[in-house]
Amino acid sequence: MILDMIRMIQSRSASQAKEYFNDSLQRSDYYLDGQEHSGQFYGKVANRLGVAGEITKDVFHALCENINPVTGQSLTQRNVANRTVGYDINFHCPKSISVLHALSDDNHILEAFEASVAQTMLDIEADAKTRVRKQGKDEDRPTGELIWVSFLHQTARPVGGIVPDPHVHSHCFVFNVTWDDVEKEFKAGQFRDIKRDMPYYQARFHKVFSDRLIDLGYRIRRTKTAFEVVGVPERVIDLFSKRTDEIGRIAKELGITDSSELDTLGARTRAKKQKGLTMAELRQEWRKQIFAMGMTDQDEGKQPIRFSPVKEPSPLTPQNCVDHALSMRFERASVMHDRRILETAYRQGLGHVSVTVDHITDCFKADKRIIRITENGKTLCTTRQVLLEEQRMVRLAQEGKGVLRPLYTITPKIALQGEQQTAVAHVLTTTNRLSIIRGRAGTGKTTLMREAVALIERAGCPVTVVAPTAQAARGVLRDDGFTEAETVAQLLASSQLQEKLSNGLLWVDEAGLLNNADMTALLKLVIAQNARLVLSGDTRQHASVIRGDALRILNAVAGIQAAEVSQIYRQRHLAYRQVVQALSNGDIKTGFDLLDAMGAIKTVDPASPFANLAKDYVSALKQGKTALVISPTHQAGAQATHAIREELRKVGKIGPDETPVTQLVNTNLTMAEKTDSRNYQAGQIIQFNQHAPDIPRGSRWEVTAIQDGQLAIRDERGSTQLLPLGNNPVFDVFQATTLGLSLGDSIRITRNGMDADRKRLNNGQLLEVMRVNPGGKILARNRISKARYRLPHQFGHIAHAHCITSHAAQGKTVDAVFIAQPASTFAATNRNQFYVSVSRAKERVHIYTEDKDALLMQASEPGDRLSALELVKPKTFPVSVAKQMIRSRIKRPVAPMIKPQEPDPPVNKRKPAHVPCP
C-alpha cells in the first residue's frame, strides 16, 4: 500500500533532474500506448515566461540548468553546481480508485484526480516564498508564483516480468524559481515551509478528491492514512499492490523504514516500463487476474464490478470537524501550528461531501475559542481553555507564597555540601507551600532527597513520596529506600492516601513528567490538606506526553523560585562530565565537540548502521558492564534490536531457538480519535482501564465488526456487545501481533499489570527471559533482585528491551550507553532527547550515526513545548519566549536560582529549632 498520497522529493543537481526527466517522466520513455499522458507546464511563472502548455525537452533542460528558456540568460542569481534544481511532488490515487478507473470505460475518475491535483498545486503555489537578505534583512517574503510540470501516469512499475498493476499517479516537478515582485526579478524559492506543511496539503487533497468521487456516486471509507472506495474488496486491493509489496519486502530485508529512504529504494529498484500494451489489453489482463481469484462476473468480465449503493453517512458539520481537531491536537500540546489543526479537521470531514474544505477553513477562522499569534508568516494557536488552565495552575502556585511557617527557624546540620545542602535548607526553611528543586541528570538528587526527608520527618512532618510513572515510583524510588512510594495517579485516585497528607508534605520525584492537569490537581490537593509540596525534577529532560510542561511553567513562567543542583557526580571521567554539563546548559555545540574529541561519535555505513553498535554493546556485556542501547524512535530501535539479538545469539548470550508469543502494541490513539469508529480495525484488542456499563475494568475485547459508526466487540468467553464510544473513552486500543523470544532475551513491560501469581508488573520494568512454554507462558526474572515472574500467555504487554527510547531510559543509570541515531531518527531528535540519552552512563557513551553535521543540527533543536502563557504574553519576559522557541537562538529566561551556601558552615551546637508542621 502507498504510505502517503503526496510525497515531496528534492532534486539536488541539474544532471539528476535531467536524468529523472529522461528516465521517468518524458513521454518517449514513460509512455505505453495510452497508459501515460504527456507533461504540461503550469503556474504563474510559466505564464510569465510564456512556456505554459505542453512540455518540451529543451525547455525542461534549460530550466534544470537555471537558464531562462526565452532569453538564454541565467534565470536566478545562484547558479552553482550543487543548487537545488526543484522538487518532485507526486500524488498517488488510493489503490481501489486506480482499480475502478482501470475497469471503467471512460475517464471520469481520471478527470476528478487531475482536477484535485491541479487545485492542490494552486494551494501550494499560493504559499510560495523567497528568501530576502538585502539591506540587512533576514526573512522570507511571500511571492505566490511557481512553475511546475505535471505528468500523469496510469500504471505502476512492473514486478517479476508480468504486466504492471493499475496505479493512477501524477508527478508535479516544481522548479526552484519564483518571481519576487518587490525586487522585480526571478529568485530561488523558499520551500522549507511547503515541505513542512505537506501533511496539510495532503489532507486538503484527500478531502477535495474524495468529495469529487462522492459527487460521481462513489461511497468512500477512511483508512489509516487516506481513504478507499467502499465495495472494492481488500483482496483486490492487495492483488494490485505488487510494486508496493516488492518495495516493502526489500525494505524489510534491508531494515529501511524512513520515508525518504523508501523513496530512494523505489527509484533504485525500478524495472523498465513494458512497451507495446494498450490500455484495452491491460484491462483484459487485469480482469483475468481478478477472475483467477474466483471473483467472476456474470458477463465474463465485460461489465465492471458492481459496488454497494451510495449511502449518505451520518450528518456532520464544519463545527464538528473543528471541535474534533481542537480536542485531538490540544490533548498533547498547549500550542499548535494552525495547519496541523486544519489538517486534522479536513481529515475528519472525509466522506461528507456537504462539508467542504472551505466550510471547514471558514469555521476554523471564525472560532472565538482559538487564540492566534502570527510571526514570520507562521501562525501558532492555543485555546482560551488551555490558557485558562495554565493561568489557574500558576495562580494556585503563587497563592502559596509565604503562607506557612518554616519547618525549621534555624537551619539544622545538613550532612551534605554546596548546592545539595542549599537545596535541603531551602525546603526546610521556606514559608512557601510549593518548593522546586531542579536537579540535573546525575547530580545526586536521590541522596539529597534522603537527607531532606529524614530532617522533615524529624520536624514532625509526615512525608508522602510519589512519582508520575510506575517504574519511577514502585521501581526506582522503592529500590532507593522509599518503600511506600506510589504513583501520582494512585494518589489522586485514593482518598486514603490523600487523607494521610493532612498537615504533611508531598514530595514528587521526576516532577518534570507532570502535565498541567495533574499538577493543578496536586496543588489543589495540598491546599485542601494544608500540606506542603516539593517538586524535584529536571526541566531539561523529557516532559509529559499529555499537554503541559508543568514544572517548567511554574519555574520559568510563574516565577516560583527553584533551588538548583547542577554539580554532576554520575560521570566518573572529567571529559564525559564536561559533556553532560555543557548539554545541561543548553550548549549543544560544545557538548557535541567534546563528544567528538572523545571519539564517542562513530560514523557508520548507512547500509548497516547498527552492526558496529551491536558488536560494541555485546562486548561491553561480556566485560560485565551494565549497558543501555537507546534510539529516538521505535522503528530504529526495532532494527537495532534485530542486529543486537543476532550478535547475542552468536556469542551464546541468548538461546538459538525462538518462540513466538502474543504482543499487544498500543495504537496510542488520542481521546478524540477513540470516539471515532473510523479509527478502528477488525481484530484490534480493546482493554478497559476503568469500569464501563456491563464491562469490568481490565477486561479485553476484540473488535469483530464495524458498521454505521458502531463497533461490535467480543470478549474471551464469546460475549458480544457494542463498544461505548463516548466523549471520555475509558480504554486503550491495541494491535495484536507476535514477538519472538529466546532464552536470555531482555524484555520490557509496556503496561502496568499483574503476573499469574498476582505480583505487580510496572510499565518500563526490565526482565530477563528464563523460559518460554510452547503455549506462550513466560518465566522471567529481575536481573538485579532475582525476583521471578510468571507471565500468562495472554499478557501481551511486552517488548524487546535490548534497545529502548530515551523516554523509557529516563531515570536509568548504567556503566555504558550506546545511542543508535541514524538519519531516519532525526525527525525525533532534539535537545532534550539528546541530553537524556547521553547522560545515562557513568563511564562511557557511544553514538552511531552516518551524518554528524546533520545530527548536531537536529540535536540543537529545542525539545520544550511552548506554553499558552508564553505564546500570548511574550513581552512580559526579558527576551521574547515565543521568538526563542520558534528560532532556537537564545536561552529561555527562568526564575532566579537560590545561591548555594558556602561549604562546611559553622555547626550550631544548639539543638535545631523547628516548629510543628506545617
Side-chain angles (χ1 to χ4, degrees), residues 446 464-494 496-497 500 509-510 626 628 654-655 659-666 685 687-691 696-700 715-716 731-732 734 736 738-802 804 807-814:
T446 303
T464 299
V465 176
V466 297
T469 67
Q471 180 60 14
R474 300 174 188 138
V476 177
L477 283 174
R478 290 188 182 183
D479 289 345
D480 286 337
F482 301 99
T483 56
E484 295 184 1
E486 263 299 349
T487 64
V488 170
Q490 183 64 26
L491 170 65
L492 295 177
S494 171
Q496 184 177 1
L497 288 176
K500 289 176 63 176
D509 194 33
E510 294 287 355
T626 58
L628 270 181
I654 64 174
T659 303
V661 300
T662 298
Q663 182 186 31
L664 296 177
V665 180
N666 199 326
I685 303 299
Q687 185 163 349
F688 281 77
N689 306 317
Q690 299 177 27
H691 294 290
R697 175 185 177 185
S699 63
R700 292 184 186 173
D715 68 5
E716 297 172 348
F731 53 79
D732 288 324
F734 298 90
T738 57
L739 183 72
L741 291 183
S742 300
L743 181 66
D745 254 326
S746 179
I747 60 174
R748 178 171 56 90
I749 303 300
T750 57
R751 179 186 172 97
N752 297 335
M754 297 287 181
D755 79 343
D757 301 317
R758 304 300 296 170
K759 292 181 182 176
R760 187 184 293 277
L761 294 165
N762 296 318
N763 186 10
Q765 188 175 353
L766 303 182
L767 300 174
E768 177 187 8
V769 175
M770 299 181 65
R771 185 174 67 248
V772 183
N773 294 333
K777 294 180 180 178
I778 303 169
L779 178 64
R781 70 174 179 179
N782 184 306
R783 280 196 172 102
I784 299 174
S785 68
K786 307 303 180 185
R788 297 193 175 195
Y789 301 86
R790 293 192 306 128
L791 277 60
H793 73 277
Q794 75 274 16
F795 180 72
H797 299 297
I798 56 173
H800 286 128
H802 302 289
I804 61 178
H807 285 84
Q810 188 160 313
K812 300 186 186 303
T813 302
V814 291

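Since the structure is predicted, the reported quantities are computational estimates derived from the model, not experimental observations.
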Any donor-acceptor N/O pair, [X] side chain to [Y] backbone, under 3.5 Å:
X    : Y    : answer
K777 : R771 : no
T659 : P774 : no
Q765 : N762 : yes
H800 : G740 : yes
K786 : R783 : yes

Check step by step if side-chain contact (heavy atoms from CB on, under 4.5 Å) holds for N752 and R474.
CA-CA 11 Å; N752 297 335; R474 300 174 188 138; 4.2 Å; yes
Please report the shortest heavy-atom distance between [X] and [Y], naming the atom on each side.
X    : Y    : result
A799 : L739 : CA-CD2, 4.0 Å
P792 : A756 : CD-N, 3.9 Å
N763 : A470 : N-CB, 4.3 Å
I784 : N782 : N-OD1, 2.8 Å
P468 : D509 : CD-O, 3.1 Å
I747 : A801 : C-CB, 3.5 Å

I would like to know whether L791 and L761 meet side-chain contact (heavy atoms from CB on, under 4.5 Å); could you show each step before the answer?
CA-CA 9 Å; L791 277 60; L761 294 165; 4.3 Å; yes
Relative to each other, are the rings of F795 and H797 parallel, tilted or perpendicular (30° and 60° limits)?
perpendicular
Is there a side-chain contact between [X] and [Y] (heavy atoms, below 4.5 Å)?
X    : Y    : result
I778 : I798 : yes
I804 : K812 : yes
I749 : L767 : yes
V476 : E510 : no
E484 : K500 : yes
Q794 : T662 : no
Q490 : L497 : yes

[atom2] on [Y] to [atom1] on [X], rounded to 0.5 Å:
X    : Y    : atom1 : atom2 : answer
L492 : T487 : CG    : OG1   : 8.5 Å
E768 : R781 : CD    : CZ    : 4.5 Å
R700 : D715 : CZ    : CG    : 12.5 Å

Applying side-chain contact (heavy atoms from CB on, under 4.5 Å) to M754 and R760, what does each step give before you reach the verdict?
CA-CA 5 Å; M754 297 287 181; R760 187 184 293 277; 4.2 Å; yes
Pick from D755, N773, D757: which one makes a side chain to side chain donor-acceptor pair (under 3.5 Å) with R790?
D757
Scan side-chain atoms only and decide if N689 and R751 contain a donor-acceptor pair under the 3.5 Å cut-off.
yes
Does this structure show an ion pair linking R478 with E486, if we count only N-O contacts that are shorter than 4.0 Å?
yes
